[in-house]
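So the structure is just underneath, and the comments pick up after that.
Labels below follow one simple rule: chain letters A, B, ... track the order of the sequence lines, proteins then strands, and each chain is numbered from 1.
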Amino acid sequence: MRGFLRIGGMMVLITCLCGALMLTACQPAKAPDKNGNPDTGDASAPPITGKIKAGFIYVGPVGDFGWSHAHEQSRQHVMKLFPWMESTYVESVAEADAPRVIDRLVQEEHCDIVFTTSFGYMDSTIEAGKEYPNTLFMHCSGYKQAPNVGTYFAELYQMYYLNGLMAGALTKSKKVGYVGAHPIPEVVRHINAFGLGLREVNPDARVTVKWLFAWYDPAKARDATEALIAEGCDVIAFTQDSPAICEVCQEYAARGKQVLTFGHYSPMQRFGQDAVVSGQLVDWNGLYEEILMRVHTKTWTNRDYWWLAKERATLLGGEPDVPINPKFVEPLKAVTVKDPILGPISVHDLALKRLDQMREPTVLFDPFTGPIKDQSGTLRLKPAERASMSMLLSMDWFLDNIDGTIPKN
Amino acid sequence: MDHLMIESILTRAVAAATPLLFAATGEIVSERSGVLNLGVEGMMAVGAVTGFAVATATGNLGLAVGAAALAAMAVSAIHGFISVALLGNQVVSGLALTMFGLGLSGLIGKPFIGRSAPVRFMPVDSSILSDLPILGSVMFEQDPLCYLAFGMALLTWVFIYHTRWGISLRAAGEHPLACESMGHSVVLIRWLATLFGGACAGLAGAYLSLAYSASWIEGMTAGRGWIVIALTIFAAWNPLRAAWGACLFGGVYVLQYVLQNKGIAPNILMMLPYVTTLLVLVLGATKRNRRRFNSPVALGEAFHREMR
């Protein structure tokens, strides 16, 4: 009996192994196509006519309610809007797998344009641009372009500044926490913009920063938040994709202790009705409409789209059309600051006024306007000087009211 | 650092210790019987996703925890089949189980990413006791699963050291032939121990997805399964020592964020459990400590009644 069991088990194992071998053997079989004749398939294809097929590569699962989810929402939006559009997507693509997935989208799916939606895909996208000169590529959040590779991004720092204004009005302990995903220029920019807003309303308040080293990890976000609250922070802002921090703050509210927070990227007010003051939202619809329309009308160029409040790519609020949680409108109206130009004004009105100013075609106001000093006291921006694009894209210093370090890799 | 902060750190440390303790208790029983199961990480992940899925579907926490334990037990049965019934290599089977469990949980969990659990375990409200200084909230403001974990560790300790069943269990791992000649079935003992280990890992997973963070993400076990293997060695296969060992290792998770601003890289802290485990292994190698820290003699060895 036992001998039989052992033989039976071996058979099962062998069958499984054979199956696995066959599966893996199938995949490389396609490789010679690519190596043998790199770009014949596309060179013979006619240039883009009526129908346009777009391929989307996502770094996370489309259901994460964060980054990839937002891109997927906009893909569905343009699919409904443009009858001439076809599309396909691949989700949860590790950065190292990007070249293989791009190959597939170009060679098998015959995409006219491929959107690579993570910073880590940058070099793969540039390489693919060289390999497939007749396909267009748009890389999200990167800084490298090529004749057939453009870039696009929806930048949130203006909204973080507005959140900072509100945090300054609402903190009682004058200690504000910030949970950052990774120490990269994008997040550092967010933290500094938040710090600028905070300083404008509450010059003595300070920001303490904790890093998660993860974009989406609710357990880590929770641990970091608890640590900040233990240190005395009563407002927590964040750049990471999970709503866990809103939930923690809501739990504190339920127990009678007020710890406030701001939603990030997607609608998160629903996770903390009594704790989420406002937040930042991204709307990719306009960007995708613009890019695809240009492909359709053959006016596409390899430009760099850097869209902000002015283009309505980024919005203020924890839910669409709710710039400030109604629960906090009164407390924000109760705090008044004296602005050199606007005079005495409530923080509620100041935030909305600044939002309007940043939405003007000429952008009447930018948070990164000097004088700005970093932690070591070095003057980074002279009075009235606005930050240049290169400074924003490579920011690796903290404002002087921020406690924390930026680990160098 | 004021006392409020110490209190908060300790409270979170005990919470972080809970999943480690659950799984370590199971792994201790399993290893005491001679079955080395390196698949804790995988079983935990399956438990976490099952618990979350059932909680989302039914809104019943008890049902969710039960389902998580059963699902992880089913996964551990694969290990039992290969290592106990087929006498296969336990290390290979355990490693395969980790990868299998992580993959399977990712597949099942796809629709649950980004959602919040409709129900979750909350700290019990015992207002009088939790007002005690420092230890008040550490001991009396945890959730029910946390108490279950520590209770189970205590009961398991009693079971291993103070019952006849415990002697049989230990005999199966120390000297299976002797155990067999005493009239006990080593195969049965090892099967039961493996399944118990699986159920415990499932509880650990359920704790992660229903109490610790109340959400599901792929790979949310984040290496805790391996910490549990280290903790089992650290605790020298003693559930009570595992209890405070778990608090120590759990504290490491919490301290990462507390010490970050003091210039201590989180990577160094994440290393600590493994460094301490290596230290224990070194200490255990000295002659004086050998009896106290040695692993079950027949750990990882296949047993077949006719192999003598």
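A/Ala244 does not touch chain B: none of its heavy atoms, backbone or side chain, sits under 4.5 Å away. In this structure, no portion of A/Val248 lies under 4.5 Å from any heavy atom of chain B.
Under the 3.5 Å distance criterion, with hydrogens and angles disregarded, no donor-acceptor pair is assigned to the side chains of A/His264 and A/Gln240. With no hydrogens or angles considered, a side-chain donor-acceptor pair links A/Gln76 and A/Glu72 at under 3.5 Å. Of the N and O atoms on the side chains of A/Gln258 and A/Asp234, not one donor lies less than 3.5 Å from an acceptor on the other residue.
Taking the six-membered ring where the residue is Trp, the centroids of A/Tyr178 and A/Phe238 are separated by 6.0 Å or more.
Each of A/Ser242, A/Pro218, A/Ala227 has some count of heavy-atom pairs under 4.5 Å with chain B, and the biggest count is that of A/Pro218.
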